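Here is the naming used below: chain letters follow the sequence lines, and residue numbers restart at 1 for every chain. Note that this is a predicted model, so its numbers are computed, not measured. No hydrogens, no waters, no symmetry mates; every other heavy atom, side chains included, goes into these values.
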Amino acid sequence: MDYKKNGNDIILKQPDFDLDQTLDCGQAFRWKKIPTENVTTYEGFFLNRKLLISQDNSAITFHNTSEDDFLNIWSDYFDLNTDYSSLKHIFSQDETLNKACNFAGGIRLLKQDFWEALCSFIISQNNNIPRIKGIIDRMCSHYDCFPTAQMLANETVETLEFLRSGFRAKYIIDAAQKVASGLITENAIRNMDISQARTVLKSIKGVGPKVAECVLLYGLYRTEAFPVDVWIKRVLEKYYPCGFPEFASQYAGIAQQYLFHYIRFADEV
DNA sequence: TTCCAGGCGTATC
DNA sequence: GATACGCATGGA
């Protein structure tokens, strides 16, 4: 990894990494863009650690970040040890994927916290991204952090009314109770094959095929997981009527990220 | 006003 | 197993 210390900051030179594309593409909901001149800046959290990160045309700066935190936490979170160039080279065999990678080649898969991903993607169902962010925002400011399963397990639909999460509140509570009681554990799911993991996740109320797939991909780094939402459904119908290419299956979830961004924002699609 | 959003539970066949 | 419908909320 090409990085250096600069005072309290870490300066990173990394190809295939664009902050806007990575932090504002609907995979994570707690990053806020900070208006700054000449650089792109975001503030966000992982494992209750706050990070201010910015990017100009030459490098990415991790502000007020120790080398330990950078190497042990953030390089993993931003998946810096994965070679996205070679992944995109594999994807480029397919015309649509090639276009999607060229459109936004700086997307990286964030290796998020399991519980936060589970809770966030339960909230995401039949919802739009700005409102998902709003609900999670209210949640985090109410508890002064992203609440643990234990914190949420004792709530009721009534006490969660401040979230304005609609019918999803009862699902959040069910997930919290199953995780807080130890009935469902991250560790157990990590050690399962993917179909078994899907079954366990779907035993949570409000977790169906799509949310389970998002938890596997974003919360457990199962890169073969392939979430299909309304946008990806359109991609599949339009470009892959005979199925998604087999050669990409091991990293289908990462391919899906490029396609999701492409179908939503590219003009010519 | 109606439609839609990173879907799912339930009823019905 | 497949299909139809309701669901909370808020922006377009």
**Q** NA contact type, G26(A), heavy-atom cut-off 4.0 Å: base, sugar-phosphate, or nothing?
**A** base
**Q** Return the value, rounded to whole Å, for the distance between atom CD1 of I123(A) and atom C1' of dG10(C).
**A**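 Spelled out: CD1 on I123(A) to C1' on dG10(C) is 16 Å.
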**Q** Which nucleotide sits closest to the side chain of W231(A): dC8(B), dA8(C), dG6(B)?
**A** dG6(B)
**Q** Which value, in whole Å, describes the distance between the P atoms of nucleotides dA11(B) and dA8(C)?
**A** 15 Å
**Q** Whether the side chain of D229(A) and the base of dA5(B) hold a donor-acceptor pair under 3.5 Å is what I'd like checked.
**A** no
**Q** Can F260(A) be called stacked on dG6(B) when the rule is centres closer than 5.5 Å and an angle between planes below 30°?
**A**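 Yes, F260(A) stacks on the base of dG6(B), since the ring centres sit under 5.5 Å apart and the planes are within 30°.
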**Q** With D24(A) as reference, evaluate K33(A), K32(A), H261(A), K133(A) under the side-chain hydrogen bond (donor to acceptor under 3.5 Å, both in side chains) test and give the passing residue.
**A**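 So the option named by the test is K133(A).
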**Q** In this structure, how many angstroms lie between the C1' atom of dC8(B) and the CZ atom of R168(A), rounded?
**A**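 Nearest whole value for this atom pair: 10 Å.
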**Q** With a non-hydrogen cut-off below 4.0 angstrom, is K233(A) in contact with a base, only sugar-phosphate, or nothing?
**A** nothing
**Q** With respect to the side chain of F167(A), which nucleotide from dG7(B), dC8(B), dG10(C) is positioned closest?
**A** dG7(B)
**Q** Which part of the nucleic acid does R131(A) contact within heavy-atom distance under 4.0 Å: base, sugar-phosphate only, or nothing?
**A** base
**Q** Using the P atom as the reference point in each nucleotide, state the distance between dG9(B) and dG10(C) in Å, no decimals.
**A**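 My reading of the P atoms in dG9(B) and dG10(C) gives 23 Å.
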**Q** What integer number of Å spans the P atoms of dC5(C) and dC3(B)?
**A** 14 Å
**Q** Which is more 5' along DNA chain B, the nucleotide nearest I204(A) or the one nearest N128(A)? Just name the residue.
**A** N128(A)
**Q** If you only use heavy atoms from C-beta on, which nucleotide in dG6(B), dA8(C), dA5(B) is closest to the side chain of Q257(A)?
**A** dG6(B)
**Q** Is any side-chain heavy atom of E67(A) less than 4.5 Å from a side-chain heavy atom of Y3(A)?
**A**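 In contact.
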**Q** Rounded to the Å, how far apart are I254(A) CD1 and dG6(B) P?
**A**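 The answer, rounded to whole Å, is 21 Å.
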**Q** Nearest of dG6(B), dG7(B), dG9(B) to any side-chain atom of F121(A)?
**A**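 Selected nucleotide: dG6(B).
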**Q** Would you say the base of dG9(B) and the side-chain of Y171(A) have a donor-acceptor pair closer than 3.5 Å?
**A**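 Under the 3.5 Å cut-off, the side chain and the base do not form any donor-acceptor pair.
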**Q** Whole angstrom is fine here: how far is it from CG in L216(A) over to P in dG6(B)?
**A** 20 Å
**Q** What's the CZ-P distance between F162(A) and dA8(C), to the nearest Å?
**A**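 Computing the F162(A):CZ to dA8(C):P distance gives 18 Å.
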**Q** Answer yes or no: is there a side-chain heavy-atom contact under 4.5 Å between E213(A) and R222(A)?
**A** no
**Q** dT10(B) P sits how many Å from K202(A) NZ, rounded?
**A**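 In whole Å, dT10(B) P lies 15 Å from K202(A) NZ.
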**Q** Could you check how far CZ of R264(A) sits from P of dC4(B), rounded to whole Å?
**A** 16 Å
**Q** Evaluate the side-chain proximity of V179(A) to E186(A): yes if any heavy-atom separation is below 4.5 Å, no if none is.
**A** no
**Q** Quick check with a 6.0 Å cut-off and a 45 degree axis cone: is R108(A) positioned over the face of F17(A)'s six-membered ring?
**A** yes
**Q** What integer number of Å spans the C1' atoms of dC4(B) and dG6(C)?
**A**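 dC4(B) and dG6(C) have their C1' atoms separated by 15 Å.
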**Q** Students often get this wrong, so: under 4.0 angstrom with heavy atoms, is V228(A) touching a base, only sugar-phosphate, or nothing?
**A**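 The residue V228(A) makes no contact with any strand.
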**Q** Under 4.0 angstrom, heavy atoms only, what part of the nucleic acid is I129(A) near: base, sugar-phosphate, or nothing?
**A**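 I129(A): backbone/sugar contact only, no base atoms under 4.0 Å.
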**Q** Once you round it to whole Å, what is the distance between C1' of dA12(C) and CG of N127(A)?
**A** 15 Å
**Q** A side-chain contact here means heavy atoms from C-beta on lying under 4.5 Å apart; do L152(A) and M139(A) qualify?
**A** yes
**Q** Looking across every strand, which nucleic acid part, if any, lies under 4.0 Å from P209(A) by heavy atom: base, sugar-phosphate, or nothing?
**A**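 P209(A): backbone/sugar contact only, no base atoms under 4.0 Å.
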**Q** Under the side-chain contact (heavy atoms from CB on, under 4.5 Å) criterion, do I136(A) and F146(A) qualify, and how do the steps go?
**A** CA-CA 8 Å; I136(A) 293 173; F146(A) 195 98; 4.1 Å; yes
**Q** Please tell me if K170(A) has a side-chain N or O lying less than 4.0 Å from either OP1 or OP2 of dA8(C).
**A**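 Affirmative; the distance criterion is met.
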